Asker: 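First the structure, which I've put down as structure tokens, then a few questions once you've had a look.
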Amino acid sequence: MTTYLVTGGAGFIGSNYIHYMFQKYGDAVRIVNLDKLTYAGNLENLKEVEGRDNYTFIRADICDREAVEEIFSQNDIDRVVHFAAESHVDRSIRDPEVFVKTNVLGTLVLLNAAKAAWELPDGSFKEGKRFLHVSTDEVYGSLDEDGGYFYETTPYAPHSPYSASKASSDMLVKSYMDTYRFPANITNCSNNYGPYQFPEKLIPLIINNALQGKKLPVYGDGKNVRDWLYVEDHARGIDMVMEKGRLFETYNIGGHNERQNIQIIHIILDTLREMLPGTDPRRALVRDDLITYVEDRKGHDRRYAIAPDKIKEEVGWYPETKFEDGIRRTIQWFFEHEDWMKNVTSGNYQKYYEEMYKI
Ligand code: NAD
Ligand code: DAU
């Protein structure tokens, strides 16, 4: 049985990945989920897997060296999938320090613990051990509106404190591969959407606000472009890189699905109206005139787009889910999980929202 250490497994992508892995491999894998449970971590995301014999949750901070070393000494970890991070660009603009702590120092702690557990006396590594560092396309900076893609060879040019911290963590992983031949991969992914996404991010925020007749904040002119990827496709991509990717390589994972933010908002509004029956009182609340242009994000990257050619050629992965299907599945999930949304938007979320938006 292969034992995975998943960091940040209680967050959006991490929890989708854990569900994907148990659906695919059942009892053939064991997963240890290490998560600090920050505002973004939520054990409700993992209710269905809680009772499994081959699943363990450990609440810990990846910056806590002793706690992380203890996990490696208590468990024969074969593979690390490292999601844990502070992940929201707007929060990084307001308070960068925790991004450096978690994303940079936390990654270093994990690398050191895995290296110590996996290294043999001659400096090589035990057979089959592998560390996959989950990163972002934002490390490549911003593309022009009129064309071009991010490739694995695109030079790093991060702009926000978030992307600078992710770029630093990527560089640390690269340095461990180059210096020690530490067995790792890096994946750089575009914008994910899907179930369990916290409503500080564009898509769940717009769905949640629209259903309550609240204003829909659009930064700047609304024409910034993101390349949207359904989260389950991402989970499958990570698994395929782990299984078939060449060690020491970087793979970009993208949806080939570029949209302007304002287009995304119109698609969400149209899909909500289509999916809500006429008798549902929420239908009348979903209105285009809720769209409200607000002050632009500082340093707002204009366009992201990945050409996922390398992962397609070498690993056989491609983004299977069409946006029109993925957004319907996402909205359906939010319809069926109203309590989840209520729970995550109570308390601190309201304070965050008021300070952030003032609308
Ligand atoms: P998220 O914010 O939803 O979840 C992050 C998780 O990490 C939470 O469960 C949180 O509790 C945990 N965490 C935070 N600090 C921790 C610490 N110090 N120790 C242990 N656990 C900690 O993030 P996400 O959107 O699921 O993103 C996961 C990873 O994927 C991140 O590394 C992010 O940079 C990367 N990524 C995200 C996207 C996206 O669109 N969401 C795209 C590309 C890459
Ligand atoms: O590209 C990958 C990245 O995608 C990940 O590395 C990050 O972890 C993830 O948060 C995401 O970053 P973005 O900044 O692109 O996602 P966000 O959902 O915050 O914003 C998407 C776009 O929508 C962006 O251009 C800003 C805009 N936006 C966002 C919010 C929250 C708005 O116009 N209004 C909003 O209220």
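For ligands, and for the atoms within them, numbers begin at 1 and follow the listed sequence. From a predicted model like this one, the values you see are computed outputs, not experimental measurements.
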Asker: Relative to the heavy atoms of Ala60, which atoms of ligand 1 are at a distance of less than 4.0 Å?
Answerer: 19 (N), 20 (C)
Asker: Report, in ascending order of atom number, the atoms of ligand 1 lying under 4.0 Å from any heavy atom of Asp61.
Answerer: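 Selected atoms, number and element: 17 (C), 18 (N), 19 (N).
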Asker: In the protein, which heavy atom is nearest to atom 12 (O) of ligand 2, and how far is it?
Answerer: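 Sorting protein heavy atoms by distance from atom 12 (O) of ligand 2 puts Glu138 OE2, 2.8 Å first.
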Asker: Within the 4.5 Å heavy-atom criterion, are Glu324 and Arg328 side-chain neighbours or not?
Answerer: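 They are not in contact (no side-chain heavy atoms under 4.5 Å apart), so the answer is no.
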Asker: Which of the numbered atoms in ligand 1 are under 4.0 angstrom from any heavy atom belonging to Leu37?
Answerer: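 Every atom of ligand 1 under 4.0 Å from some heavy atom of Leu37: 11 (O).
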Asker: Number the atoms of ligand 2 from 1 as they appear, then name those within less than 4.0 Å of a heavy atom of Lys201, with their elements.
Answerer: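 So the atoms of ligand 2 that pass are 10 (O), 18 (O).
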Asker: I need the atoms of ligand 1 closer than 4.0 Å to a non-hydrogen atom of Lys166, numbered in the order shown.
Answerer: 31 (C), 32 (O), 33 (C), 34 (O)
Asker: Show which atoms of ligand 2 fall inside a sub-4.0 Å distance from at least one heavy-atom site of Val89.
Answerer: 14 (O)
Asker: Would you confirm whether Asn252, through its side chain, and Pro308, through its main-chain N or O, come within 3.5 Å as a donor-acceptor pair?
Answerer: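 It does not hold such a pair.
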Asker: Against ligand 2, does Glu200 come closer than 4.0 Å with any heavy atom?
Answerer: yes
Asker: When you measure from the centre of the six-membered ring of Phe248, is the NZ or CZ of Arg181 closer than 6.0 Å and no more than 45° off the axis?
Answerer: yes
Asker: At the 4.0 Å heavy-atom cut-off, does Gly9 count as touching ligand 1?
Answerer: no
Asker: Could you check whether Arg226 makes a cation-pi contact with Tyr193, meaning its NZ or CZ is under 6.0 Å from the centre of the six-membered ring and within 45° of the ring axis?
Answerer: no
Asker: At less than 4.0 angstrom from any non-hydrogen atom of Ser135, what atoms of ligand 1 do you find?
Answerer: 43 (C), 44 (C)
Asker: Taking only heavy atoms of Asp137, which atoms of ligand 2 are found under 4.0 Å from at least one of them?
Answerer: 1 (O), 2 (C)
Asker: Any heavy atom of Val134 closer to ligand 1 than 4.0 angstrom?
Answerer: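 Within the 4.0 Å threshold, so yes.
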Asker: Between Tyr39 and Asn348, is there a side-chain heavy-atom distance shorter than 4.5 Å?
Answerer: no
Asker: For ligand 2, which atoms, with element, lie under 4.0 Å from some heavy atom of Tyr162?
Answerer: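 With Tyr162 as reference, the close atoms of ligand 2 come out as 5 (C), 6 (O), 7 (C), 8 (O).
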Asker: Are any of the N/O atoms on Asp35, whether in the backbone or the side chain, positioned under 3.5 angstrom from an N/O atom of ligand 1?
Answerer: yes
Asker: Give the residue and atom name of whichever protein heavy atom lies nearest to atom 29 (C) of ligand 2, and the separation in Å to one decimal.
Answerer: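 The closest one turns out to be Tyr219 CE1, 3.5 Å.
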Asker: With no hydrogens and no angle check, do the side chains of Arg297 and Asn224 hold a donor and an acceptor under 3.5 Å apart?
Answerer: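 No donor-acceptor contact under 3.5 Å links the two side chains.
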Asker: Between Phe198 and Tyr349 (judged by ring centroids, cut-off 6.0 Å), do the two rings come close enough to count as a pair?
Answerer: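 Yes - the distance between ring centres of Phe198 and Tyr349 falls below the 6.0 Å cut-off.
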Asker: Side chain or backbone of Asn261 under 4.0 Å from ligand 2, or both, or neither, by non-hydrogen atoms?
Answerer: side chain
Asker: Just which atoms of ligand 2 are under 4.0 Å from any heavy atom in Val218?
Answerer: 33 (O)
Asker: Name the closest protein heavy atom to atom 34 (N) of ligand 2, giving the residue it belongs to and the distance to 0.1 Å.
Answerer: Pro217 O, 2.9 Å
Asker: Starting from atom 25 (O) of ligand 2, locate the nearest protein heavy atom and write down its residue, its atom name and how far away it is, to 0.1 Å.
Answerer: His300 NE2, 2.7 Å
Asker: Indicate, as side chain, backbone, both or neither, the part of Tyr162 found under 4.0 angstrom from ligand 1 when only non-hydrogen atoms are considered.
Answerer: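 Answer for Tyr162: side chain.
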Asker: For ligand 1, is Phe198 a contact, meaning one of its heavy atoms is under 4.0 Å away?
Answerer: no
Asker: Give the residue, atom name and distance (to 0.1 Å) of the protein heavy atom nearest atom 14 (O) of ligand 2.
Answerer: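 The closest one turns out to be Arg297 NH1, 2.6 Å.
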Asker: Would you mind listing which atoms of ligand 2 come within a distance below 4.0 Å of any non-hydrogen atom of Tyr357?
Answerer: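 Result: 30 (C), 31 (C), 35 (C), 36 (O).
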Asker: For ligand 2, which atoms have a heavy atom of His88 less than 4.0 angstrom away?
Answerer: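 Under 4.0 Å from His88, ligand 2 has these atoms: 19 (O).
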Asker: Contact between Met356 and ligand 2, counting heavy atoms under 4.0 Å?
Answerer: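 Checking ligand 2 against Met356, which is what was asked, there is no heavy-atom contact under 4.0 Å.
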Asker: Using a strict 4.0 Å cut-off to heavy atoms of Thr136, name the atoms of ligand 2 that fall inside it.
Answerer: 1 (O), 2 (C), 3 (C), 5 (C), 6 (O)
Asker: I want to check a possible cation-pi pair here: Arg236 against Tyr230, using under 6.0 Å from ring centre and within 45° of the ring axis as the test.
Answerer: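 Checked: cation-pi criterion not met.
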Asker: Does the side chain of Lys126 reach to within under 4.5 Å of the side chain of Asp78, using non-hydrogen atoms?
Answerer: no
Asker: Is Ser15 close enough to touch ligand 1? Criterion: a residue heavy atom under 4.0 Å from a ligand atom.
Answerer: no
Asker: Taking the side chain as every heavy atom from C-beta outward, state whether Ile327 and Ile203 have any atom pair closer than 4.5 Å.
Answerer: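 Of all side-chain heavy-atom pairs linking Ile203 with Ile327, at least one is under 4.5 Å.
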Asker: Between Leu202 and ligand 2, does any nitrogen or oxygen pair lie at a separation below 3.5 Å?
Answerer: yes
